[in-house]
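Here is the structure we will look at.
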Amino acid sequence: MTIYSSIRSNIIRSYVMMAGFSVFIVFLGWVIGQASGYGDGFVGIALFFAIVSSVGGFYFSDSIILSMSGARPADRKRDFDFYTVTENLSIASGIPMPKLYVIDDTAMNAFATGRDPKHAVICATTGILSRLDRRELEGVVAHEMSHIKNYDIRFMAIVAVLVGTVAFISDMFLRNLWWSGRKRDNDRGGDQGIFLIVGIVLAILSPIAGTIIQLAMSREREYLADASGALLTRYPEGLARALTKLSADKEVLEAATNATAHLFISNPFKGKDSHAWFSGLFDTHPPVADRIKRLRSM
């Protein structure tokens, strides 16, 4: 495996999943539209409301996340390595210097947020800044800058809209079925009855499937950021060593929530790694051991 082939492979897999998910939403909306009597226009209505509800979060998510995390602006003198490493990588990557923030917590972690490279933030804990050497910190910052350069925040925002659309369609259908189902029972023909049964099954299972797909794409973007970060530093071992230290740190990051866990470079809740396929479906991050193996094979 080369750095370039890893980047290409992860980009392709991410967009194939996203395209398949979009087709699935159209199919879900069509089936439920037929079952509920709204017709083909049901998909467009649901997608419109899901997008509108996501716009506010897209533009203000960085401020909200930093406020929730209790982060402070980084200081060049106080956080010298963090500041200068980011400056150097910003020049090397050709993207604007992101704003830097620090969470005063001894747990080791970091994340990036912002809607584009001109409005980007990298945040690190005091734990990771104090326990990594400069080359390891360079690997972590390069990983986070790759998230910014690859527009991962925007990509995952689009995915969140798609997942929200699935939930919206399913919820609208089940609510409509509950309140008006009895009145319509006599009006449904054979074909609509079949659509109704299929629609109920899809409405129940689709939100779960959507969440699993969202988490799978989040894991793919982590692999992509690892490979892109290694390309930026030309030193995969730096990030591999940093991930080794991160996996050994069992302290839970108190500032993290379920809504922000996927942003961090490693699982902030430090849940036990599980090899069970069902457990792995709901992980926000790929296994650290696998990430390290991929980096060291480049």
Item checked: CA sep, side-chain torsions, deciding dist, call: Leu132, Val140, side chain to side chain contact (heavy atoms under 4.5 Å, CB included) -> CA-CA 9 Å; Leu132 296 185; Val140 169; 3.7 Å; yes
Side chains of [X] and [Y]: closer than 4.5 Å at any heavy-atom pair?
X	Y	result
Arg241	Asp133	yes
Thr106	Thr125	no
Ile122	Tyr101	no
Phe111	Ile65	yes
Asp81	Leu129	no
Pro98	Ile148	yes
Arg131	Leu137	no

Same apolar cluster (I L V M F W Y, side chains within < 4.5 Å links), [X]/[Y]:
X	Y	answer
Phe80	Met97	no
Val31	Ile204	yes
Leu224	Tyr235	no

Main chain of [Y], side chain of [X]: is a donor-acceptor contact present, judged purely on distance under 3.5 Å?
X	Y	answer
Thr126	Asp104	no
Lys149	Ser93	yes
Asp79	Ala74	no

Quick one: [atom1] on [X] to [atom2] on [Y], what's the gap to the nearest 0.5 Å?
X	Y	atom1	atom2	result
Ile103	Ser69	CD1	OG	4.0 Å
Glu144	Cys123	CD	SG	9.5 Å
Asn267	Ser247	CG	OG	12.0 Å
Phe264	Thr113	CZ	OG1	10.0 Å
Met108	Leu246	CE	CG	4.5 Å
Arg219	His285	CZ	NE2	10.5 Å

Margin query: Quick one about Asp290 and Tyr223 (side-chain donor to acceptor, distance below 3.5 Å, no hydrogens or angles considered), yes or no?
Written below: yes
Margin query: Ignoring hydrogens and geometry beyond distance, is a side-chain donor-acceptor pair present between Tyr151 and Arg221 at under 3.5 Å?
Written below: no
Next item on the list: Please report the C-alpha distance between Glu136 and Glu237 in whole Å, then the side-chain angles of each, then the deciding distance to 0.1 Å, and finally whether the side chain to side chain contact (heavy atoms under 4.5 Å, CB included) criterion is met.
Entry: CA-CA 8 Å; Glu136 293 164 352; Glu237 182 62 22; over 6 Å; no
Margin query: Applying side chain to side chain contact (heavy atoms under 4.5 Å, CB included) to Leu239 and Ile265, what does each step give before you reach the verdict?
Written below: CA-CA 11 Å; Leu239 179 55; Ile265 190 171; 4.1 Å; yes
Heavy-atom pair of closest approach, residues [X] and [Y]:
X	Y	answer
Thr86	Met145	O-SD, 4.1 Å
Leu202	Pro207	O-CD, 4.2 Å
Pro236	Leu295	CB-O, 3.4 Å
Ala142	Leu89	N-CD1, 3.6 Å
Val252	Phe269	CG2-O, 3.7 Å
Leu28	Ser206	CD1-OG, 3.7 Å

Notebook entry, point to check: Salt bridge between Glu87 and Arg76, side-chain N to carboxylate O under 4.0 Å?
Noted result: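 Salt bridge present between Glu87 and Arg76.
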Next item on the list: Using a strict 4.0 Å threshold on nitrogen-to-oxygen distance, state whether Glu138 and Arg135 make a salt bridge.
Entry: yes
Note to self: Using side-chain hydrogen bond (donor to acceptor under 3.5 Å, both in side chains), reason through Arg134 and Thr84 one step at a time and then give a plain yes or no.
What the structure shows: CA-CA 10 Å; Arg134 190 175 177 89; Thr84 54; 3.1 Å; yes
Notebook entry, point to check: Take atom NZ in Lys99; do more than 12 heavy atoms of anything else shown fall under 6.0 Å from it?
Noted result: no
Margin query: If you apply the rule salt bridge (charged side-chain N to carboxylate O under 4.0 Å, His left out), what do you find for Asp226 with Arg294, and how did you get there?
Written below: CA-CA 9 Å; Asp226 285 347; Arg294 290 192 182 202; over 6 Å; no
